[in-house]
Amino acid sequence: MGVVLTRSGGPLSDVVPGPLLAPEELLGPPDAVAPTLLGCWLVTDRPAGRVALRLTEVEAYAGDGTDPAAHSHRGPTPRAAVMFGPPGRLYVYFSYGVHWCANIVVGAEGQGSAVLLRAGDVVVGEELAAARRPAAKAARDLARGPARLTQALDIGPGDKDADLLDPSSSVRLHRGEPPVQVSAGPRVGISVATELPWRFWETGAASVSAFRPGGGPRSRRARQD
DNA sequence: GCTCTGATGGTCT
DNA sequence: GACCATCAGAGCA
């Protein structure tokens, strides 16, 4: 209930996604490409219907050997091989034995860089996304966090290495309206290279995952052994 | 509101 | 066998 309206006043379900991104737009260092992905639309077309969300939070991971937090840091292992593929592919990995998380491969083929998709605002198919995310209590929680984002979009192991730039693909990356303002800060949930401000989010977006301003992520590494 | 913990399994050493 | 690019829910203030 309650039809969400665009700024121009039309129902979002009638909004047509912008053009697909071109591979050239994903070249360059991951920390330079990542903020340009904010505002872009990630769209999944499934038999149950379409869900599209507007990216509001991402993180950059570099494959040039300087970023120990990147899955590609140890080379093209079976899991991380997709990261060394061409830009615009979807790198999906299984996290904590429970969740799937999604990255967009960026940079030149062979580089091993990617951008983790952390959060977005669902703009099309909100009811379908809500059905996939029964724990979400509010619209902003539908895709607030990397694993929640993949749940809302129904992204899973079957989407590994999907070509987001192919118009015939069921998972695609479309250009959207860029945010007015972008913020940057440390990445979440990693234990190395925490000093790099490679997390980017749309300033003020409600769907940006929770973070302690100035305090960093809560430390859970202080457990005794 | 904030903090803490269990769940759960692939990946890599 | 340890380590996770996490989430949801319980407990407490």
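Taking side-chain N and O atoms only, A:H71 has a distance below 4.0 Å to OP1 or OP2 of C:dA5. Between C:dT6 and A:R118, a contact under 4.0 Å exists linking OP1 or OP2 to a side-chain N or O. Side-chain nitrogen and oxygen atoms of A:T77 include at least one within less than 4.0 Å of the OP1 or OP2 phosphate oxygen of B:dC12.
For the pair A:K137 NZ and C:dG9 C1', the interatomic distance rounds to 8 Å; values are reported in whole Å. When the C1' atom of C:dA5 is taken as reference, atom CZ of A:R187 falls 9 Å away, rounded to whole Å. In this structure, A:R199 atom CZ and C:dA5 atom C1' are separated by 12 Å, rounded to whole Å. Distance, A:M83 CE to B:dT11 P: 14 Å, rounded to whole Å. As a whole-Å value, the separation of A:F94 CZ from B:dC12 P is 15 Å. Distance A:F200 CZ to C:dA5 C1': 15 Å, rounded to the nearest Å. In this structure, CG of A:D141 is placed 14 Å from C1' of C:dG9, rounded to the nearest angstrom.
A:H99 and A:F94 have their aromatic ring centers separated by at least 6.0 angstrom.
Secondary-structure annotation of DNA chain B gives the stems B:1-7 with C:6-12, B:9-12 with C:1-4, with a stem taken as at least 3 successive Watson-Crick or G-U pairs whose two distances both fall under 3.5 Å.
Here the side chain of A:R133 is nearest to one of C:dC7, C:dA8, B:dC12, namely C:dA8. Checking B:dT11, C:dA5, C:dC4 against every side-chain atom of A:S191, the shortest atom distance belongs to C:dC4. Of the candidates B:dT13, C:dC7, C:dA5, C:dA5 carries the atom nearest the A:L116 side chain, counting heavy atoms from C-beta on. With C:dG9, B:dG10, B:dC12 as the choices, the nucleotide that has an atom nearest any side-chain atom of A:P78 turns out to be B:dC12. Distance from the side chain of A:S95 is smallest for C:dT6 among the nucleotides C:dT6, B:dG10, C:dG9. Listed nucleotides B:dG10, B:dT13, C:dC4 differ in distance to A:R74; the shortest reach to its side chain belongs to B:dT13.
No donor-acceptor contact under 3.5 Å links the side chain of A:Y96 to the base of C:dA5.
A salt bridge links A:E59 and A:R118; the closest N-O separation between the charged side-chain nitrogens and carboxylate oxygens is under 4.0 Å.
With A:R54 as the partner, the side-chain hydrogen bond (donor to acceptor under 3.5 Å, both in side chains) test is satisfied by one option alone out of A:E202, A:H174, A:E177: A:E202.
By the criterion of side-chain heavy atoms lying less than 4.5 angstrom apart, applied directly or through intervening Ile, Leu, Val, Met, Phe, Trp or Tyr residues, A:L21 is grouped together with A:V106 in one hydrophobic cluster.
When heavy atoms are screened at a 4.0 angstrom cut-off, A:A69 is found touching base atoms of the nucleic acid.
The side-chain heavy atoms of A:Y61 and A:P30, taken from C-beta on, include no pair separated by under 4.5 Å.
Only A:H99, A:N103, listed by number, bring a heavy atom of residues 97-110 of chain A to less than 4.0 angstrom from any atom of DNA chain C.
Distance CG/A:L26 to OG/A:S113: 11.5 Å, rounded to 0.5 Å. Atoms CG and CD, from A:L38 and A:E57 in turn, are 9.0 Å apart once rounded to the nearest 0.5 Å. Atom CZ of A:R172 is separated from atom CG of A:L165 by 11.5 Å, given to the nearest 0.5 angstrom.
A:R46 and A:S170 share a donor-acceptor pair across their side chains, judged by distance under 3.5 Å alone. No side-chain N or O of A:T44 forms a donor-acceptor pair with one of A:D154 less than 3.5 Å apart.
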